[in-house]
Each structure stands twice: as C-alpha cells, then as structure tokens.
*Asks:* 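Let me begin by handing over the structure; questions about it come next.
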Number of protein chains: 2
Amino acid sequence: MPERALPYRPHNHDACVSQALADARTICREQNARLTAIRERVLELIWQSHKPLGAYDILAQLGSEGHNAAPPTVYRALDFLLQYGLVHRLASLNAFTGCSHAGENHHGLFLICHQCGTVLELESAPVSQAIDDAARAQAFQPEGATLEISGLCPRCRAEANPGAPSHD
Amino acid sequence: MPERALPYRPHNHDACVSQALADARTICREQNARLTAIRERVLELIWQSHKPLGAYDILAQLGSEGHNAAPPTVYRALDFLLQYGLVHRLASLNAFTGCSHAGENHHGLFLICHQCGTVLELESAPVSQAIDDAARAQAFQPEGATLEISGLCPRCRAEANPGAPSHD
DNA sequence: GCAAATTTGCAACATTATAACACTTGCTGC
DNA sequence: GCAGCAAGTGTTATAATGTTGCAAATTTGC
Ligand SMILES: [Zn+2]
Ligand SMILES: [Zn+2]
Ligand SMILES: [Zn+2]
Ligand SMILES: [Zn+2]
C-alpha cells in the first residue's frame with residue numbers, strides 16, 4: 001500500500017482520487033458488493049478535495065451534472081460507502097470525507113482545520129490505547145468512536161503567523 | 001469540590017441536580033451572567049437524568065408544563081449554557097448533556113451507552129496528551145475536540161452477559 | 001427467459017437549527 | 001422616578017439535514 005500524500009502540501013491530487021477509487025473497486029469486488037455508477041460517482045465527488053462535503057452539496061453537484069437526484073439517492077449511496085468503510089461521516093460538521101485507510105477496519109482521528117476546512121485522517125495507536133484504557137477504567141466496553149479535533153492546519157497557521165518557523 | 005457520583009450506579013440523583021444548579025449559579029454570578037428562569041429550567045431539565053436530551057425534547061417538556069416556547073427560546077438558552085460551559089453538545093447524537101466539570105475549562109471525553117443512553121463525562125490526561133501529541137506530529141494546532149465513544153456501559157454489559165464478572 | 005433480490009426514482013415527511021423582527025425586562029445615569 | 005439603552009424573550013417563518021414508503025427498473029441466480 002503506497003504512502004498517502006499529506007493534504008496540507010501541494011500534491012498530485014488526481015493520484016489521491018484514482019487510488020481511492022481503485023481501492024474501493026478492489027474492496028467491493030472482494031466483498032461481492034456492487035459499486036454502482038451512482039455510488040462510485042458519489043465517492044469520487046467526496047474525494048474531489050480533502051474538504052468534507054455535505055450530503056446536499058453532493059446532491060447539488062449531481063444535479064448540476066444532469067443527474068436529477070433526490071436526497072434518498074445520495075443518502076443511500078453514502079450509507080453504502082459508510083458500510084464498506086470507504087467514507088467517514090464527521091458528526092461535528094454533518095459532512096462526509098473519504099476514508100484514507102479503507103479496508104483497514106479502524107476508527108479514525110480527524111484533524112479538521114476550521115480555517116480552510118481541510119481534513120486529515122490519522123490512525124494513532126497511542127490515542128486508541130489511551131481511550132481504551134480510560135473506557136476500561138469505567139468498565140465501559142467501547143465499540144465506536146467519534147474523534148474530531150478542530151484547529152488550525154500548518155498552512156493556515158503559517159498564514160496567520162508568517163514569521164514563525166514550521167517544525168515540519 | 002465534591003466527587004461526582006458515577007451515573008451507572010444507583011445514586012442520589014437529586015444531589016447531582018442540585019449540585020449542578022448550585023455550580024451554575026456560582027459560575028454565572030462570578031461572570032456577571034444572567035441565569036434567567038428559562039435558562040435555569042433548561043439546565044435542570046437537561047440534568048433530570050444522565051441521558052442526553054435533544055433540543056426538541058426540551059421544547060416538548062417546557063410545553064407540557066405550560067411554557068409555550070418556540071425553538072429559538074430553547075436554542076438560545078442552550079447557547080448560553082454552552083457558552084458558560086454548563087452543558088455540552090454531543091455531536092454524534094444531536095443532543096445536550098450537563099457538564100460535570102463546569103468551570104474547569106475543558107473538553108470532555110464522553111462514554112455513551114448505545115443501549116440505555118447513559119452518558120459519562122470523563123477528563124483523561126493521557127487521552128488529551130495522546131491527542132495533542134498526534135496533532136503536533138502533523139504540525140496541527142488543536143483548539144477544540146469532539147470525543148464521543150459509543151459502547152456498552154457496565155450495567156448493560158452485565159444484562160447482556162449475566163455470568164461475566166464485573167472488574168469494577 | 002424468469003422469479004427473486006437489489007437498486008433506484010420519487011413524493012412526502014421528520015428532525016434539527018436559524019433568521020428576522022417586534023416586544024419586554026432590567027439596568028444606568030440623571 | 002424616569003428616559004435611554006442593552007440584554008433577553010416571543011413569534012413567525014424558513015433553512016439545513018435526514019428518513020419513510022412505495023413503485024419502477026435493474027441485476028442476479030437459475
Ligand atoms: Zn489529495
Ligand atoms: Zn487550514
Ligand atoms: Zn445523577
Ligand atoms: Zn464537561
């Protein structure tokens with residue numbers, strides 16, 4: 001599996017998209033799931049940038065390209081993509097973002113820039129471990145997690161504070 | 001500050017409520033904020049149990065006790081309570097829960113039982129630290145967090161699996 | 001081909017949240 | 001006390017997000 005580019009830096013984003021679509025096709029083939037035209041198009045729209053998209057944004061884009069869709073069409077496609085781990089829903093934004101670890105059965109940690117909207121999905125073993133420990137200490141059995149951190153991404157930090165060095 | 005009771009065990013919940021209201025009054029007095037009748041009543045309704053309440057649930061309860069309120073009334077009260085850290089909004093549920101660390105300027109970690117709906121708010125330094133480290137490793141400057149863990153609380157675990165010992 | 005199952009189209013509806021504006025209340029300075 | 005002002009509340013309408021139910025079309029398995 002190739003290393004993913006960081007969304008903060010300029011990168012060949014077409015590669016992000018085609019990688020995501022290729023992964024999706026593989027995953028669906030392996031699981032005998034039907035990645036139909038609409039589902040694939042919704043996934044592609046979500047991957048058009050690293051900024052999450054609302055269901056009605058997707059609906060509008062489908063509409064603008066001639067596909068006269070109603071809300072259930074979009075939500076059903078999203079349900080499918082969620083089910084197979086191809087996208088995530090960001091509860092704090094009511095929006096959807098492509099999963100950059102599709103097929104790895106995980107719950108991500110999302111860094112959401114409130115300035116530019118860019119989202120980076122991480123997997124952090126220390127975070128998962130700390131949460132698991134905290135839950136276990138309460139005899140709570142964790143099953144799903146919503147971990148969304150809002151803040152400033154490196155690019156927007158640099159813009160806000162031009163003199164400061166980046167430690168990246 | 002007295003130790004809070006755990007919501008999972010039977011406890012004198014009236015004490016939770018009156019403690020929360022007393023804290024709220026103190027905090028508002030200190031900050032010259034007006035804890036008006038509606039705001040206080042909304043806070044009290046939210047604290048009526050350890051299960052989060054939707055804005056329209058609050059609205060319905062206000063209605064059933066003769067206060068003929070419209071949505072903005074409730075949302076304005078909630079905005080006020082959020083602003084002063086007296087309640088939290090749970091993004092994964094579109095619902096509100098009383099803050100059990102009011103005045104301590106924090107972002108909580110919420111353990112949400114998907115069986116009974118009970119929510120426990122924690123503060124976990126290891127979790128906060130791990131998240132901070134993960135963000136910093138991406139040169140991301142965190143400002144706010146949405147940390148909501150869904151799973152089974154100890155009571156519901158015991159019901160689901162009666163033979164198992166509780167490690168509590 | 002044909003029956004069954006899945007997917008899509010479509011209309012209506014449910015839930016959650018906000019905007020705009022008028023009215024009331026409580027404080028401030030006189 | 002009382003004008004003037006800011007903060008809070010009432011009310012209506014509307015926006016944004018998400019769901020239900022059913023019929024038509026497509027795909028699948030045989
Ligand atoms: Zn990219
Ligand atoms: Zn940014
Ligand atoms: Zn209690
Ligand atoms: Zn809290």
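Below, read A as the first sequence line, B as the second, and so on, with proteins coming before strands; counting in each chain starts at 1.
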*Asks:* Using the closest heavy atom to pick a nucleotide of DNA chain C for each, name whichever of B:Arg34 or B:Leu93 lands nearer the 5' end.
*Replies:* B:Leu93
*Asks:* Side-chain N or O of B:Thr36 versus OP1/OP2 of D:dT9: is the shortest distance under 4.0 Å?
*Replies:* yes
*Asks:* Please determine if a side-chain N or O atom of B:His67 lies less than 4.0 Å away from the OP1 or OP2 oxygen of D:dT9.
*Replies:*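 No, outside the criterion.
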*Asks:* Mark yes or no for a side-chain to base donor-acceptor pair under 3.5 Å between B:Tyr56 and C:dA17, with no hydrogen or angle criteria applied.
*Replies:* yes
*Asks:* With nearest nucleotides of DNA chain D determined for B:Pro71 and A:Ala95 from heavy-atom distances, which residue corresponds to the more 5′ nucleotide?
*Replies:*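 That would be B:Pro71.
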*Asks:* From CG of A:Asn94 over to P of D:dA15, roughly how many Å is that when rounded to an integer?
*Replies:* 18 Å
*Asks:* Run the side-chain donor-acceptor check on residues 119-133 of chain A: report pairs under 3.5 Å with partners two or more places apart or on a different chain.
*Replies:*
{"unit_1": "A:Glu121", "atom_1": "OE1", "unit_2": "A:Ser100", "atom_2": "N", "d": "3.0"}
{"unit_1": "A:Glu121", "atom_1": "OE1", "unit_2": "A:Ser100", "atom_2": "OG", "d": "3.2"}
{"unit_1": "A:Glu121", "atom_1": "OE2", "unit_2": "A:His88", "atom_2": "NE2", "d": "2.9"}
{"unit_1": "A:Glu121", "atom_1": "OE2", "unit_2": "A:His106", "atom_2": "NE2", "d": "2.8"}
{"unit_1": "A:Ser124", "atom_1": "OG", "unit_2": "A:Val127", "atom_2": "N", "d": "3.1"}
{"unit_1": "A:Ser128", "atom_1": "OG", "unit_2": "A:Ser124", "atom_2": "O", "d": "3.1"}
{"unit_1": "A:Gln129", "atom_1": "NE2", "unit_2": "A:Asp133", "atom_2": "OD1", "d": "3.0"}
{"unit_1": "A:Asp132", "atom_1": "OD2", "unit_2": "A:Arg136", "atom_2": "NH2", "d": "2.3"}

*Asks:* Separation of B:Asp79 atom CG from D:dA7 atom C1', in whole Å?
*Replies:* 15 Å
*Asks:* Which heavy atom of A:Cys113 sits nearest to which heavy atom of B:Phe140, and what is that distance?
*Replies:* N-CE1, 4.0 Å
*Asks:* If you compare every side-chain N and O of A:Thr73 against the phosphate oxygens of C:dG9 (OP1, OP2), does one of them come in below 4.0 Å?
*Replies:*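 Checking A:Thr73 against C:dG9: at least one side-chain N or O falls below 4.0 Å of OP1 or OP2.
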*Asks:* Just call it for B:Arg76: base, sugar-phosphate, or nothing, with non-hydrogen atoms closer than 4.0 Å on any strand.
*Replies:*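 Result for B:Arg76 = base.
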*Asks:* Rounded to the Å, how far apart are A:Leu35 CG and C:dT8 C1'?
*Replies:*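 Going from A:Leu35 (CG) to C:dT8 (C1'), I get 15 Å.
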*Asks:* What pair of heavy atoms forms the shortest contact from A:Tyr8 to A:Cys153, and how long is it?
*Replies:* CE2-CB, 3.4 Å
*Asks:* Kindly point out which of C:dG9, C:dA17, C:dC10 is positioned nearest to the side chain of A:Ile38?
*Replies:*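 The nucleotide sitting nearest to the side chain is C:dG9.
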*Asks:* Quick one: bend of the helix from C:dG1-D:dC30 to C:dC30-D:dG1 from 5 pairs per end, to 10°?
*Replies:* 40°
*Asks:* With a distance cut-off below 6.0 Å to the six-membered ring centre and an angular limit of 45° from the axis, does A:Arg39 pair with A:Phe80 as a cation-pi contact?
*Replies:* yes
*Asks:* What pair of heavy atoms forms the shortest contact from B:Ala91 to B:Glu148, and how long is it?
*Replies:*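 The answer is N-OE2, 2.9 Å.
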*Asks:* Is the distance from the ring center of B:His107 to that of B:His101 below 6.0 Å?
*Replies:* no
*Asks:* May I have the distance from A:Leu78 (atom CG) to D:dT17 (atom C1'), rounded to whole angstrom?
*Replies:* 12 Å
*Asks:* May I have the distance from A:Leu59 (atom CG) to D:dT19 (atom P), rounded to whole angstrom?
*Replies:*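 After rounding, the gap between these two atoms is 14 Å.
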*Asks:* Quick one, B:Phe110 with B:Leu147, criterion side chain to side chain contact (heavy atoms under 4.5 Å, CB included). Give me CA distance, side-chain angles, the key distance, then yes/no.
*Replies:* CA-CA 6 Å; B:Phe110 299 91; B:Leu147 307 176; 5.7 Å; no
*Asks:* Rounded to the nearest Å, what distance is computed from the CG atom of residue A:Leu90 to the P atom of nucleotide D:dT17?
*Replies:* 13 Å
*Asks:* Please tell me which of B:Ala70 and B:Ala37 maps to the more 5' nucleotide of DNA chain D, matching each residue to the nucleotide holding its nearest heavy atom.
*Replies:*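 Upstream on the strand: B:Ala37.
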*Asks:* How do A:Arg39 and B:Phe96 order along DNA chain C: which one's closest nucleotide is nearer the 5' end?
*Replies:* A:Arg39
*Asks:* With a 4.0 Å limit, can you tell me whether A:Asn68 has a side-chain N or O closer than that to the phosphate oxygens OP1/OP2 of C:dG9?
*Replies:*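 Looking at the OP1 and OP2 atoms of C:dG9, neither is under 4.0 Å from any side-chain N or O of A:Asn68.
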*Asks:* Taking atom C1' of C:dG9 as reference, at what distance in whole Å does atom OH of A:Tyr75 sit?
*Replies:*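 It works out to 17 Å between those atoms.
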*Asks:* Can you name the nearest heavy-atom pair linking B:Ala20 to B:Leu43, along with the distance?
*Replies:* O-CD2, 4.4 Å
*Asks:* Between atom CZ in B:Phe80 and atom C1' in D:dA6, what is the gap in whole Å?
*Replies:* 15 Å
